[in-house]
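Just so we're on the same page: letters track the sequence lines, and every chain starts at 1.
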Amino acid sequence: MLFKKRAERLFMWVFFPLALLMPMFLEQNEYYVNKLTTIMILSIFVMSLDYLVGKCGLITLGHAMFYGLGGYLFVILAPEYEAVNFWVYTFYICAISAAIALVIGLLVLRTSGIYMIMITLAFAQMTFYYFSGSIDYGGTDGVFVYVKPETSIFGLSLFDLDNPTHFYYLCLLSLFNTLLFFKVLVRSQFGRVVDAIQVNPGRTTALGYNIFVYKLMSYVVASALGAYAGYLFTLQYGFVNPSMLSWTTSGTALVMLILGGIGSIYGAILGTITYEGLHYTLEHWTEHWMLFMGGLIILMVMVFKKGIAGFLEDLLEKRDGK
Amino acid sequence: ADPNPIKVGVMLPFSGVYGGLGDATRNGLKMALQEHAGELYGRQIEFIEMDTEAQPSRAPEIANSLLNKERADFIVGPVHSGVAMGMIKVLKDKNTIMIIPNAGIDAATGPLCAPNIFRTSFSSWQPSYPMGKIALEQGFKKVITMSWNYGFGKESLAAFEESFESGGGEIVKKILVPFPKTEFQSYLSEIGTIQPDAVFVFFAGGGAVKFVKDYDAMGLKSKIPLLGAGFLTEGTLEAQGVSAEGIQTTLHYADPLDNPENQRFRRDYQTNFGKPSDLYAVQGYDTGLMIASAVKALKGDISDQGALIKALETTEVISPRGAFTFSKAHNPIQNIYLRRVENGENQVIKLAASALEDPARGCKM
Amino acid sequence: MENNVILETEGLCKYWGGLKALDNLSLAFHDKQLHGIVGPNGAGKSTLLNMLCGHYKPTSGEIIYRGESISSIKPFEFARRGIGRSFQKTNIYTNATCLENCCVAVQRLMGGSFNFFRSRYSQKMLDDIATKALEKVGLAHRRDYIASQISYGEQRQLEIAMVLATSPALLLLDEPMAGMGHEESQLIINLLNTLKKEYCIVLVEHDMDAIFELSDQLTVMVDGQHLVTGSVDEVREDARVKEAYLGQGDEVY
Amino acid sequence: MDSTLFIVQLINGIQYGLVLFLIASGLTLVFGVMGILNLAHGSMYMVGAYLAWYFVQHTGSFALSAFISAVIALCIGVVVERTLIRQLYRRNHLDQVLLTIGMIFVFNALQSLLWGNDPLGVEVPEALAASIPLTGIIEYPVYRIFVAVFCIVVAAAMYYVINKTRLGMLIRAGESNREMVECLGVDISRLYTIVFAIGVMLAAVAGVVAAPISSIVPGMGEHILISCFVVVVIGGMGSIKGAFVGALLVGLVDTFASVLVPELSSMMIYVFMAFVLLLKPQGLFSS
Amino acid sequence: MSNLLDIKSIHSLYGDSHVLHGISFSLEAGQTLSLMGRNGMGKTTTLKSILGLVTPRSGSVFYKGEDITSLATWQRMKRDIAYVPEGRGMFHNLTVKEHLQVAARASTQGIKAWDFDRVLNTFPRLKERLSNLGTQLSGGEQQMLAIGRALVTNPELLILDEATEGLAPLIRKEIWEVIRIIKETGISTIIVDKNIQVLQSLCDRHVVLVKGQVVMDLSAQELQSNLAQVESHLGV
Ligand SMILES: Nc1ncnc2c1ncn2[C@@H]1O[C@H](COP(=O)(O)OP(=O)(O)OP(=O)(O)O)[C@@H](O)[C@H]1O
Ligand SMILES: Nc1ncnc2c1ncn2[C@@H]1O[C@H](COP(=O)(O)OP(=O)(O)OP(=O)(O)O)[C@@H](O)[C@H]1O
Ligand SMILES: [Mg+2]
Ligand SMILES: [Mg+2]
């Protein structure tokens with residue numbers, strides 16, 4: 001079975017049907033559809049980070065680099081005033097990001113622990129400053145995407161990216177696929193080795209695995225999906241800005257991830273919803289939202305020792321136990 | 001009268017480095033609309049305030065929420081040019097009015113100009129352009145220019161260079177410091193060795209404080225005059241202390257500006273908010289005036305966007321900075337003053353340019 | 001005898017800064033024999049094992065496996081050629097079941113480790129081989145226990161099972177009986193007694209009873225250097241060994 | 001670049017490096033030596049600068065203000081360790097990330113509530129306000145020389161305490177095995193409270209000392225935070241000597257990059273760090 | 001009470017798993033006590049409960065007549081207890097020299113029988129490794145260092161958990177000799193070890209644990225007569 005834990009199954013049965021129906025309730029309000037879309041996109045990003053951090057034990061503070069690259073690659077590759085094909089560019093962007101991740105991974109994965117955190121940060125900061133200072137790509141002011149891609153496959157166009165509801169469903173579908181993909185990946189034979197490496201790299205080497213290759217592949221896969229999320233984010237409003245690449249973006253994703261529950265994959269969605277939800281609520285409630293946000297984050301670290309997902313799992317297990 | 005309030009979305013930074021600017025702008029805005037509350041044909045004003053955190057990547061989302069969720073009639077913001085880009089992306093040609101109370105990015109009233117986008121502050125070009133002529137008048141031939149390597153800074157330097165070089169001046173070096181770095185020591189040493197006639201800089205906020213203090217501490221101020229776009233000494237004088245004395249800047253406003261509107265404004269602001277007003281408060285105030293006057297002109301009915309835009313375009317804002325009108329690109333046509341810091345205040349020396357209009361390059365409106 | 005040597009070292013050296021942890025060691029290990037290595041603490045026994053399995057790179061000297069020098073290959077390739085090892089400190093996947101521990105080992109042989117989609121639970125054959133390895137060390141009844149929940153002795157057994165599951169030709173064991181009770185030790189001794197009929201085993205151990213009982217060949221090292229190699233009886237009676245390692249008389253007061 | 005300018009830039013680089021070391025010193029202690037990932041370190045730097053400003057306004061004396069600020073920071077450190085950090089020693093490093101990011105939010109909000117968002121400045125104390133001529137028309141402020149000397153003193157003191165005293169050994173031992181330290185009859189939790197508080201105090205003192213030569217603005221801590229981590233990591237975790245050398249190198253790299261490749265200068269310290277870590281994956285002076 | 005240590009019906013748990021089921025025994029001053037049992041019977045847990053590294057759910061520990069159950073570990077150790085843990089507890093970032101320096105102290109009575117030099121003379125092997133880090137030692141060297149580190153605190157009660165683990169026979173003898181010497185100076189010792197012959201000749205009391213319970217608590221003479229039964233508990 002793909003979803004072993006009760007909490008996980010419960011989540012799948014609650015979240016996706018709800019998400020599927022959501023736009024019907026929100027029909028009159030485009031904003032909420034957009035907001036939820038952003039949350040889906042962020043969830044994909046955070047989920048790819050969760051795979052790296054939680055499943056592979058590769059903690060990075062440079063994941064935003066790929067998020068940003070997803071956007072900038074589109075701006076760089078696509079002609080400015082011509083609608084390109086969404087699927088083709090999805091492929092381009094994922095492939096190029098994967099290639100970049102391959103090269104960077106070759107360097108970065110030689111280190112581990114805090115050193116790896118810092119060297120991934122270093123690469124992210126380099127790209128951040130590169131785009132911040134670039135003349136061609138708008139520097140700190142960012143660039144616009146004037147024409148959104150069209151989505152036809154063999155002439156059949158399913159989505160209209162300019163329609164927020166369509167875009168919402170595209171992102172929801174992407175999120176669902178990402179979740180499924182990671183779940184399958186974790187359960188796969190590849191996943192077994194990755195698990196082994198995370199728990200005990202020395203032993204895994206001694207069993208004859210070239211652990212570097214597994215780490216590298218994981219890094220590449222997660223980075224490509226991170227870039228895909230960035231690509232979606234760019235398409236949502238048609239705007240790319242270097243702040244997508246900044247370390248605070250990586251840091252925030254990490255916060256969402258830890259909140260949600262590291263290593264649980266679906267926790268990424270919980271974490272993102274919680275963080276964004278809190279942010280939204282507090283911000284509308286008081287100008288000093290930071291105070292409360294900070295306080296709540298601190299509180300949650302103390303209460304949810306294994307993140308929200310872990311908390312749910314314990315809750316349901318305890319009930320089962322009785 | 002229409003029982004529905006006029007919704008004014010306020011998209012400003014209330015936290016972080018630009019928090020002070022956002023706060024002052026909002027105060028000015030509210031003050032103006034309060035003062036003119038009686039002339040709005042019974043319409044109430046409802047403010048919806050959103051903290052942009054000066055985060056460009058969040059800008060589209062917030063703008064979108066004001067547009068689609070709150071259905072704001074006016075959206076006022078932002079301070080930061082990157083955020084402006086994100087907002088414009090969402091708001092361009094939509095049925096709400098966007099009024100920029102600070103962000104100077106030339107493109108907003110240049111290539112990206114739109115009927116529903118207005119600006120009550122300035123374009124980056126405006127405050128810096130007149131300084132080129134003044135530098136020449138004061139006999140400076142060789143100048144080093146310096147700013148952060150970002151849009152606002154680069155546009156400011158370009159405007160200065162435009163007028164300075166066309167008058168025969170020479171830019172001996174252009175230093176672009178990566179944003180938001182504030183470690184200036186090495187650049188200052190370089191300036192000290194090159195020894196130009198003067199230095200023209202663009203910095204604002206914390207960077208401006210640091211730069212001015214370092215410039216003085218290195219002993220350069222007394223030997224190489226420091227010129228700048230007005231932001232160098234705006235809202236930073238107290239922190240800069242004596243280091244700022246003697247610095248000359250050009251800007252569309254100065255606190256001690258001698259006109260009745262300004263005197264009244266500064267007095268009222270002080271009593272209302274318990275602290276002195278500043279440039280950003282003025283810009284917010286003028287934004288309020290502009291909204292009020294348009295509502296008044298339309299007798300409270302702002303439902304027709306065409307008419308609203310027309311009313312806004314033709315407004316003459318009687319501002320503390322002196323009256324100004326709007327160019328075709330919706331940017332103020334305004335006076336620029338030459339100021340010098342004396343006793344901790346930006347004293348007005350003279351009018352550097354009167355009714356200066358931004359060239360609005362690239363605007364097809 | 002020469003013909004069934006499977007692993008040899010030639011002038012093997014390992015220096016840590018100025019310290020010669022291992023100095024010019026030349027040994028030969030024979031197939032289907034248990035080769036004991038003893039020596040005082042810090043003699044370089046663990047260092048030797050660590051080099052034989054590729055964990056450390058030798059400062060100089062050669063490791064020759066089935067006639068081929070393997071001193072410069074990557075650590076993981078040692079295991080691929082059939083050199084399996086257990087560690088001085090128990091080294092298993094503590095959060096997984098015993099079966100899963102062995103499956104990781106078996107999967108390397110069976111392939112499919114780069115398969116992103118195939119479920120790790122889908123291969124019956126893999127499970128069977130892993131179970132067999134567990135059976136070999138007498139752990140079949142612990143198959144579905146989480147490794148951290150079985151006793152220390154059983155963990156050591158599990159580690160040996162994992163090594164066996166990679167079907168090695170050569171087993172390098174570093175103090176497998178350390179910290180183990182009498183009963184568990186006896187279990188391992190019996191196990192090694194059967195295993196040495198099939199594999200070449202290099203055993204480092206301070207438990208003299210065990211090492212004397214098991215060894216076909218016994219090497220004594222002192223301070224990084226080779227002292228003697230020979231049969232158990234030869235070594236036991238060697239005066240130098242008594243002085244440097246065993247001491248006089250029994251360990252009883 | 002002629003030789004005088006080169007020398008001036010060399011001095012600038014070293015001076016900047018020393019300031020960086022001072023700011024990173026608390027982090028070296030708390031993160032490098034004790035192994036606590038405190039992202040709120042930058043916030044304490046900011047708090048130090050604001051406190052300095054506030055007390056200079058009220059007492060008029062920089063020295064007095066520095067003293068009061070240090071004491072307050074020490075108390076904050078004790079409270080934070082006792083109430084929050086302590087709960088997390090047994091937990092994942094990442095939980096510390098989350099906790100301290102929460103603290104950043106709180107500190108930022110408090111700063112904005114207490115002192116507003118305008119940039120502030122502290123005057124250089126009277127006694128150190130002079131400048132000495134350096135070359136050509138450039139003068140060098142005495143205060144910066146004072147700061148450099150102060151940094152060196154802090155570095156030397158830290159090096160001595162951490163590496164040569166029993167206290168230092170205990171702190172290091174605690175990072176590797178808390179339980180065992182307690183088994184030596186040492187109250188490790190009190191020790192850690194004190195050391196954490198000293199780390200916090202060092203951050204705040206760095207803020208105080210830097211206040212006269214920097215602008216006091218919201219978010220000033222976050223910018224510096226990353227640089228601090230760069231310094232600690234380049235030097236190698238837990239090594240005071242490493243952090244010191246790392247800081248100087250970063251200072252020099254940044255200064256010369258500003259002159260030689262101005263457009264890329266922000267990137268350069270990261271390029272440098274990546275380079276160092278690729279050559280020495282554990283930093284320059286790791287054990 | 002003349003007993004140095006009294007342990008009264010201790011129950012300890014790891015999470016939900018109940019490991020110690022009411023352990024009681026006592027140790028007179030100057031005595032040497034062995035704690036025996038198969039793997040996983042709770043020997044280490046008992047020691048940790050005495051030291052406060054594991055908090056017992058119920059029961060109490062008296063040291064020199066004083067109830068120390070609620071004291072923190074360091075407070076207990078301050079009363080001149082020293083511990084050589086299973087697994088050695090090395091500090092990976094301290095050198096051998098620092099390991100000894102950091103631990104060295106006089107006993108509360110001001111006794112300074114063991115110092116840096118005496119430890120090095122006892123374990124000359126360590127002399128050559130003074131600047132190695134704790135984890136850069138061989139297994140046996142680490143064990144020597146752990147014992148040395150305990151001795152330089154000049155304890156009154158020494159607790160050794162498998163302290164001869166991984167040591168060569170010669171060194172093992174050395175250790176037993178050391179323990180005999182310190183026993184003569186009046187230091188009490190609790191030893192966990194698997195070498196029953198040595199324990200037999202060295203210890204005054206023997207406690208046998210089975211599944212977290214004391215099944216036998218014998219004096220030296222009683223052990224002789226019940227040897228077979230003890231051995232069956234230990235699986236010899
Ligand atoms: N990483 C290292 N750095 C420096 N010296 C080391 C390192 N690892 C081991 N040594 C030294 O090398 C020598 C040999 O160590 P090794 O672990 O091989 O001994 P051993 O024979 O296994 O001893 P034991 O029986 O005690 O386990 C020891 O003196 C040890 O101090
Ligand atoms: N940290 C822990 N968490 C959960 N269970 C534990 C933990 N440590 C020990 N146990 C369990 O408690 C029981 C007693 O363990 P303990 O270490 O006290 O035994 P021991 O008698 O010292 O054994 P050994 O001779 O192997 O050292 C064992 O069943 C063990 O599995
Ligand atoms: Mg060894
Ligand atoms: Mg034990």
Q. Between D/Gln15, D/Met220, D/Glu123, which shows the greatest number of heavy-atom pairs under 4.5 Å with chain B?
A. D/Glu123
Q. Applying a criterion of heavy atom separation less than 4.5 Å, what residues of residues 271-282 of chain B form contacts with chain D?
A. none
Q) Side chain, backbone, both or neither: which part of B/Asp23 has a non-hydrogen atom closer than 4.5 Å to chain D? A) neither
**Q.** Among B/Ala24, B/Gly205, B/Gly16, residue most engaged with chain D (heavy-atom pairs, under 4.5 Å)
**A.** B/Gly16
Q: Could you tell me which portion of B/Val177 (side chain, backbone, both or neither) has an atom closer than 4.5 angstrom to a non-hydrogen atom of chain D?
A: neither
Q.
Between B/Leu220 and chain D, with a heavy-atom cut-off of 4.5 Å, which part of the residue counts as in contact: side chain, backbone, both or neither?
A. side chain
Q.
Can you confirm whether B/Glu238 is buried at CD, in the sense that more than 12 heavy atoms of other residues, nucleotides or ligands lie under 6.0 Å from that atom?
A. no
Q) Contact part of D/Pro212 toward chain B, heavy-atom cut-off under 4.5 Å: side chain, backbone, both or neither? A) backbone
Q: Select, from B/Ser222, B/Ala208, B/Pro180, the one with the greatest count of heavy-atom pairs under 4.5 Å involving chain D.
A: B/Pro180
Q. Among D/Ser131, D/Pro133, D/Gly121, D/Gly116, which residue forms the greatest number of heavy-atom pairs with chain B at distances under 4.5 Å?
A. D/Gly121
Q | Distance-minimising heavy-atom pair for D/Pro119 and B/Ala239 | A | O-CB, 3.5 Å
Q.
With a 6.0 Å cut-off (strictly less than), is the heavy-atom count around OH of D/Tyr54, excluding the residue itself, greater than 12?
A. no
Q. Nearest heavy-atom pair of D/Ser265 and B/Lys181: which atoms, and what distance?
A. OG-NZ, 3.8 Å
Q) Who wins among D/Ser266, D/Gly219, D/Gly13, D/Ala129 for the most heavy-atom pairs under 4.5 Å with chain B? A) D/Ser266
Q: Please report the closest heavy-atom contact between D/Asp118 and B/Gly20, naming both atoms and the distance.
A: OD1-CA, 3.7 Å
Q | Portion of D/Val19 that has a non-hydrogen atom of chain B nearer than 4.5 angstrom | A | neither
Q: Could you tell me which non-hydrogen atom of D/Val217 sits nearest to which non-hydrogen atom of B/Gly206, and how far apart they are?
A: CG1-CA, 3.4 Å
Q.
Distance check, rounded to the nearest 0.5 Å: D/Asn117 atom CG versus B/Tyr18 atom OH?
A. 12.5 Å
Q. Side chain, backbone, both or neither: which part of B/Ile224 has an atom under 4.5 Å from a heavy atom of chain D?
A. side chain
Q.
Does any part of the side chain of B/Asp214, heavy atoms only, come nearer than 4.5 Å to the side chain of D/Arg144, both counted from C-beta?
A. yes
Q. Rounded to the nearest 0.5 Å, how far apart are CD of B/Gln185 and CD1 of D/Ile213?
A. 8.0 Å
Q | Which portion of B/Ser189 sits near chain D, non-hydrogen atoms under 4.5 angstrom | A | both
Q: Decide if atom CZ of B/Phe47 counts as having more than 12 heavy atoms of other residues, nucleotides or ligands within a radius under 6.0 Å.
A: yes
**Q.** Structural part of B/Phe184 lying under 4.5 Å from a heavy atom of chain D
**A.** neither
Q) Can you list the steps and then say if B/Ser186 with D/Asn12 is a side chain to side chain donor-acceptor pair (under 3.5 Å)? A) CA-CA 6 Å; B/Ser186 56; D/Asn12 287 334; 5.9 Å; no
Q | Portion of D/Ala130 that has a non-hydrogen atom of chain B nearer than 4.5 angstrom | A | neither
Q | B/Glu183 side, atom CD; D/Thr255 side, atom OG1 - distance, nearest 0.5 Å | A | 6.5 Å
Q. Thinking salt bridges, do B/Lys223 and D/Glu139 make one under a 4.0 Å N-O criterion?
A. yes
Q) Of the non-hydrogen atoms in B/Leu176 and D/Glu263, which two are nearest, and what is the gap between them? A) CB-OE2, 4.2 Å
Q.
Evaluate D/Ile216 against B/Lys210 for side chain to side chain contact (heavy atoms under 4.5 Å, CB included), listing each step before the verdict.
A. CA-CA 9 Å; D/Ile216 303 168; B/Lys210 179 93 165 49; over 6 Å; no
Q. For chain B, which of D/Glu222, D/His223, D/Met267 has the most heavy-atom pairs under 4.5 Å?
A. D/His223
Q) Among D/Ile138, D/Leu134, D/Ile137, D/Ile11, who wins on heavy-atom pairs under 4.5 Å with chain B? A) D/Ile137
